[in-house]
Every structure is written in C-alpha cells, then in structure tokens.
Amino acid sequence: QVQLVESGGGSALPGGSLTLSCAFSGRPGLNFADYAMAWFRQAPGKEREAVAQISPQGGLVEYADSVRGRCTIGRDNAKNTMYITIDNLKPDDTAMYYCAGDPTGRTAYGGRWSASDEYKVWGQGIQVTVSS
C-alpha cells in the first residue's frame, strides 16, 4: 500500500558530502504528511541504528550522536519526499541506508524515535560507501 524508494547513494570520499532521497508513494487516502519519517543504517556485522528523524510537518528533528552537527534531515510534503545530507563523511558512515515511515507520527513526540519496531514501512535500502 505504501512504497518507499531511496536514491542518491554510492561512493564518496572522506570529508565529502552525500544527499539521499526517499520517495513515498501510496494508494489514495494515505498521506505522506501524516508520517514521521526516519533514516536508519546498517553496516556489515553491526546492528541497525537510527540516524535521524523528522516529524510529520517537519518542525521537529532528531539526530544520532554519531551524525549530529554534520547531518541535516528535511522533507517536502508537497513532493512526498524526504532527504538527508551528511557532511564531513567518515569511513564509519559506510552502511546500507534505509528510510522508514511511522504512519502514526507518534515517534516524533514520544521519545521512541530511534526504535525501529515503531516504523511500519521501510524502503529496500541503498548503499553508501565512504572510502579514499
């Protein structure tokens, strides 16, 4: 009923920047603007971790400590799209990145923004590799 598709991944140099996009599509009646949206990532051999989240109307954002200060999450509800830009990339940013949607929006207000089980819709993921 809802599909999330990531784009913009690939290879980048340490110290560079990368922007990922997540496109939302769904049947009529499902409104992107109702969803709290987040980015997660998973590196080989590591657990999936939350990177950033944005509230349904974009007024609240959360960042993981690992990216705070060099990461910006945004959304355009008119275009059903969410973005994330990570600056000053590090090799530790290498991972598969996933966008995820919480259709209730409550994760933006209840302190559980990083809990992956709160997100009911997931993209297939896109690889980001940071290497010199």
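Heads up: numbering here begins at 1 and tracks the sequence.
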Original post:
Could Lys90 and Asp93 be called an ion pair, given the rule that one side-chain N must be under 4.0 Å from one carboxylate O?
Top reply: no
Subject >> Transitive ILVMFWY side-chain link Val2 to Ile126, under 4.5 Å >> reply: yes
Original post:
In terms of heavy-atom contacts, does CD of Gln127 have more than 12 from other residues, nucleotides or ligands at under 6.0 Å?
Top reply: yes
Original post:
Do Glu49 and Ser66 have side chains that get closer than 4.5 Å, going by heavy atoms?
Top reply: yes
Subject >> Contact summary for Pro56 and Tyr109, nearest pair of heavy atoms >> reply: CD-OH, 3.7 Å
**OP:** Would you tell me whether Asp76 and Thr81 have side-chain atoms, one donor and one acceptor, within less than 3.5 Å of each other?
**Re:** no
Subject >> Minimum-distance pair of heavy atoms, taken over all atoms of Trp122 and Ser116 >> reply: CZ2-O, 3.5 Å
**OP:** Indicate the ring-plane relationship of Tyr119 and Phe40, choosing parallel, tilted or perpendicular according to the 30° and 60° boundaries.
**Re:** perpendicular
Subject >> side-chain contact (heavy atoms from CB on, under 4.5 Å) assessment of Tyr35 paired with Val121 >> reply: CA-CA 10 Å; Tyr35 286 65; Val121 184; 4.2 Å; yes
Original post:
Can Tyr98 be reached from Leu18 by stepping across I, L, V, M, F, W or Y side chains whose heavy atoms are under 4.5 Å apart?
Top reply: no
**OP:** Only pairs at least two apart or in different chains count here, so list each disulfide bond (SG atoms under 2.5 Å apart) that has a residue in residues 42-91.
**Re:** none
Original post:
Stepwise, does the side-chain contact (heavy atoms from CB on, under 4.5 Å) test hold for Tyr97 with Gln42?
Top reply: CA-CA 7 Å; Tyr97 284 72; Gln42 188 167 19; over 6 Å; no
**OP:** May I ask you to check if Arg75 and Tyr83 form a cation-pi contact, with NZ or CZ under 6.0 angstrom from the six-membered ring centre and within 45° of the axis?
**Re:** no
Original post:
When hydrophobic residues are tied together by side-chain contacts of less than 4.5 Å, even through go-betweens, does Val61 share a cluster with Trp113?
Top reply: no
Subject >> Thr94 side-chain N/O to Val130 backbone N/O, donor-acceptor pair under 3.5 Å >> reply: yes
**OP:** Evaluate the criterion side chain to side chain donor-acceptor pair (under 3.5 Å) for residue pair Ser21 and Glu6; output intermediate values, then yes/no.
**Re:** CA-CA 6 Å; Ser21 298; Glu6 301 93 342; over 6 Å; no
Subject >> Least distance between heavy atoms, Ser17 atom then Leu89 atom >> reply: C-CD1, 3.7 Å
Original post:
Heavy atoms, side chains only, cut-off 4.5 Å: are Val128 and Arg41 in contact?
Top reply: no
Original post:
Side chains of Ile84 and Thr19: closer than 4.5 Å at any heavy-atom pair?
Top reply: no
**OP:** Please tell me if the side chains of Tyr63 and Thr72 come closer than 4.5 Å, counting only heavy atoms from C-beta onward.
**Re:** yes
Original post:
Once you round to the nearest 0.5 Å, how far does OG of Ser114 lie from CD of Glu62?
Top reply: 8.5 Å
**OP:** Evaluate the side-chain proximity of Gln53 to Trp39: yes if any heavy-atom separation is below 4.5 Å, no if none is.
**Re:** no
**OP:** Calculate, to the nearest 0.5 Å, the distance between atoms CD1 and CG belonging to Ile86 and Leu20 respectively.
**Re:** 6.5 Å
**OP:** May I ask you to test the Arg106-Glu118 pair for a side-chain heavy-atom distance under 4.5 Å?
**Re:** yes
Original post:
What's the verdict on side-chain contact (heavy atoms from CB on, under 4.5 Å) for Leu30 and Gln1, showing C-alpha distance, side-chain angles and the deciding distance?
Top reply: CA-CA 8 Å; Leu30 296 177; Gln1 294 185 344; 4.0 Å; yes
Original post:
Shortest non-hydrogen contact from Ser132 to Pro14?
Top reply: N-CD, 3.7 Å
Subject >> Flag side-chain contact, heavy atom, 4.5 Å: Leu60 against Ile54 >> reply: no
Original post:
Does Asp102 use its side chain to pair, donor to acceptor, with the backbone of Gly105 at less than 3.5 Å?
Top reply: yes
Original post:
Quick one: OG1 on Thr85 to CZ on Arg70, what's the gap to the nearest 0.5 Å?
Top reply: 12.5 Å
Original post:
Does Gln3 use its side chain to pair, donor to acceptor, with the backbone of Phe24 at less than 3.5 Å?
Top reply: no
**OP:** Please report the shortest heavy-atom distance between Met82 and Cys99, naming the atom on each side.
**Re:** CE-CB, 3.6 Å
Original post:
So which heavy atom on Gly101 is nearest to which on Pro103, and how close?
Top reply: O-CD, 3.5 Å
